[in-house]
Amino acid sequence: MNYAATSEKAAATIDEIRRRVGNALERHPLCRNVQFEIVSTPRSSKGSNWTISMQSIAPDALWEASAIVADIQDAYDLSAAAQFRSR
């Protein structure tokens with residue numbers, strides 16, 4: 001069976017993305033104290049238009065937090081309406 005990934009991403013607001021990232025980090029024991037900020041960016045070659053700025057991250061949580069954020073970034077696209085409100 002072919003499990004080809006679609007390039008379709010679900011549209012989300014900054015608040016929705018913030019909630020999803022926060023909940024995902026909270027579920028991982030090493031990432032519970034990670035502080036982060038959602039930053040809208042111009043669309044990249046990978047199709048992404050937002051990124052995460054992480055602060056207060058323990059060295060042993062860096063890879064796990066990065067993987068969590070990457071998975072969420074692969075799934076969600078910052079909606080056009082949300083981008084204009086954030087500027």
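Remember, predicted model here, so these are calculated numbers, not experimental data.
Judged by distance alone, with hydrogens and angles left aside, the side-chain atoms of W50 form no donor-acceptor pair with the main-chain N or O of I17 at under 3.5 Å. Distance alone, capped at 3.5 Å, is enough to place a donor-acceptor pair between the K9 side chain and the Q73 backbone.
Heavy atoms only, all atoms of each residue included: I72 and V21 are closest at CD1-CA, 3.7 Å. Between F36 and G22, the closest heavy-atom pair is CZ-N, 3.5 Å. Nearest heavy atoms, A65 versus C31: N-SG, 3.6 Å.
Atom CD1 of I57 sits about 5.0 Å away from atom CG of L62, to the nearest 0.5 Å.
By the side chain to side chain contact (heavy atoms under 4.5 Å, CB included) test, L30 is found to be paired with H28, D60, A61, E64, residues two or more places apart in sequence or in another chain being considered. By the side-chain hydrogen bond (donor to acceptor under 3.5 Å, both in side chains) test, S56 is found to be paired with no residue, residues two or more places apart in sequence or in another chain being considered.
Annotation: D71, atom CG; neighbour count of heavy atoms from other residues, nucleotides and ligands within 6.0 Å is above 12.
Within the structure, every pair that satisfies the salt bridge (charged side-chain N to carboxylate O under 4.0 Å, His left out) test and touches residues 10-34, not counting sequence neighbours, is listed here: D15-R18.
Following chains of ILVMFWY side-chain contacts shorter than 4.5 Å, one cannot reach V39 starting from M54, and the two form parts of different hydrophobic clusters.
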